[in-house]
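Only one structure is covered here, and it is reproduced in the block below.
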Amino acid sequence: MFLSRLLMRRTPSPWLRGGGSRESHIRIGVFAPLFPPAFRGGGPIRSIDALVRTAPAEMAPAVLTADRDLGENRPLPVPRNCWCDLGAAAIYYCSRNNLVLAWRGILAMRKYHPHLLHLNSAMNPFFSVVPILLWRFGFWGQTPLLVAPRGEFGDGALTRRRFKKRVYISCLRVLGIHRSVIWHSTAPQESTDIRRILGDDAVIVERTNDTLLAPRAANPLAHEGPIRLVFLGRIVPHKGLAVVLAALQDMPVRVELTVFGSREDVGYFAHCKGLASSLPRNVAVDFRGSVPPQEVVRVLHEHDVLVMPTAGENFGHVIAEALSAACVVVTTPMTPWTKVLQAGGGVVIGDRSPNRWRLEIEQLARATRSERLSLRESAAQAYDKWAASPSETHVWALALEKALSTV
């Protein structure tokens, strides 16, 4: 009944990738700043990939995304400016640095006649601001609009480019967009952030992110020698690598820290390198580049503890990946994982004070090999329990139900 009501609202169009027809499918138009094989943007890419791959059988997603990875000038090794297949989905890798080709991508999405548009950012100039404004002025017809801020309304994220973001949010309010779209929140804290910024009348669908991780955690390892810490994320102030490096300045025991991540903020990266150069000899730091998605769990499995002094996460995909690798997680309360970690998956440190982090890291570093193994076993058990929880209704179905209920 739900599907038939929806499909009656628009005349179906041919499936753009070939001669077949998708008249029995709900067409979902997805705007994503980055999509695989891009990977330098971190967890959001993996979350959107999982969202597309776990779509219900009656849904046919089409993704409009950039043709290059974060911070890269060279295009990805994919067909560009045309539809290509990804299983049951279609992907359009758009050359957004070329205005003509970028506009063709927008038109290609409109010709797809989606029943729902899902934007995976609230503030990206091309993949959010442009389609939102077009939607406001009728370009997409009566298609419902679902917008996922993906943490952009959190306090930590709003501190960057604060003035521009405040002006943009004010424009959303003036145009009435903030209460006309459906907002996709992935955690209760993000719902609170959205309402704090946009008002209590914001329409929200709350649904946690999907993952493509294994149903059970890897077998825990117990390494000989000093504790192996890992930082895996974008090297920006929000993620807090400098907090870890400051905490290690007076560390009295041996520690090994490996840093993986894209050097998105050049000034901040230089600051972190300076902190690393002043560490005592008993602390070894190894800076490496970004990790391809298929290697993330393996890399985490080779380490004892993920250190993540984040200023806020709407989901924290790397936390799920660490737990699946039986890697203990140390982070702040500004993620949706606090209860899972406090139940045995890791440690939640109340703030980002280097002194607090120094004490916790030293305690973990002094643990014996058997104690570290026990901690990793607890992390694996926490993941298994989380992964076994019943699956939720897909966010696109929730959003469409919400949209139909308001007609």
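- Here Y168 pairs with nothing under the ring-ring contact (aromatic ring centres under 6.0 Å, His included) rule; sequence neighbours left out.
- Listed by chain and number, the residues in a side-chain contact (heavy atoms from CB on, under 4.5 Å) with L375 are V328, L364 (sequence neighbours excluded).
- Legend: residues meeting side-chain contact (heavy atoms from CB on, under 4.5 Å) with Q363, ordered by chain and number and at least two apart, are E360.
- When the side-chain hydrogen bond (donor to acceptor under 3.5 Å, both in side chains) test is applied to Q381, no partner is found at least two apart in sequence or on another chain.
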Please output the side-chain donor-acceptor pairs of residues 230-251 that fall under 3.5 Å, not counting sequence neighbours, one pair per line with the distance.
| residue | atom | partner | partner atom | Å |
| --- | --- | --- | --- | --- |
| R234 | NH1 | E264 | OE1 | 3.0 |
| R234 | NH1 | E264 | OE2 | 3.3 |
| H238 | NE2 | G312 | O | 2.6 |
| K239 | NZ | E313 | OE1 | 3.1 |
| K239 | NZ | E313 | OE2 | 2.8 |
| Q249 | OE1 | S278 | OG | 3.0 |
| Q249 | NE2 | L245 | O | 3.1 |
| Q249 | NE2 | L275 | O | 3.0 |

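- In this view, N219 satisfies the side-chain hydrogen bond (donor to acceptor under 3.5 Å, both in side chains) rule with no residue, not counting sequence neighbours.
- Contacts of T258 classified as side-chain hydrogen bond (donor to acceptor under 3.5 Å, both in side chains), with partners at least two apart in sequence or in another chain: H303.
- Among residues at least two apart or in separate chains, there is no ring pair (Phe, Tyr, Trp, His ring centres under 6.0 Å) pair with a member in residues 346-369.
- Partners of R369 under the salt bridge (Lys or Arg N to Asp or Glu O under 4.0 Å) rule, at least two apart in sequence or in another chain, are E224.
- In this view, S353 and D351, N355, R356 satisfy the side-chain contact (heavy atoms from CB on, under 4.5 Å) rule, not counting sequence neighbours.
- With sequence neighbours left out, the side-chain contact (heavy atoms from CB on, under 4.5 Å) criterion links A367 to E371, R372.
- Checked against side-chain hydrogen bond (donor to acceptor under 3.5 Å, both in side chains), T208 has no partners two or more places apart in sequence or in another chain.
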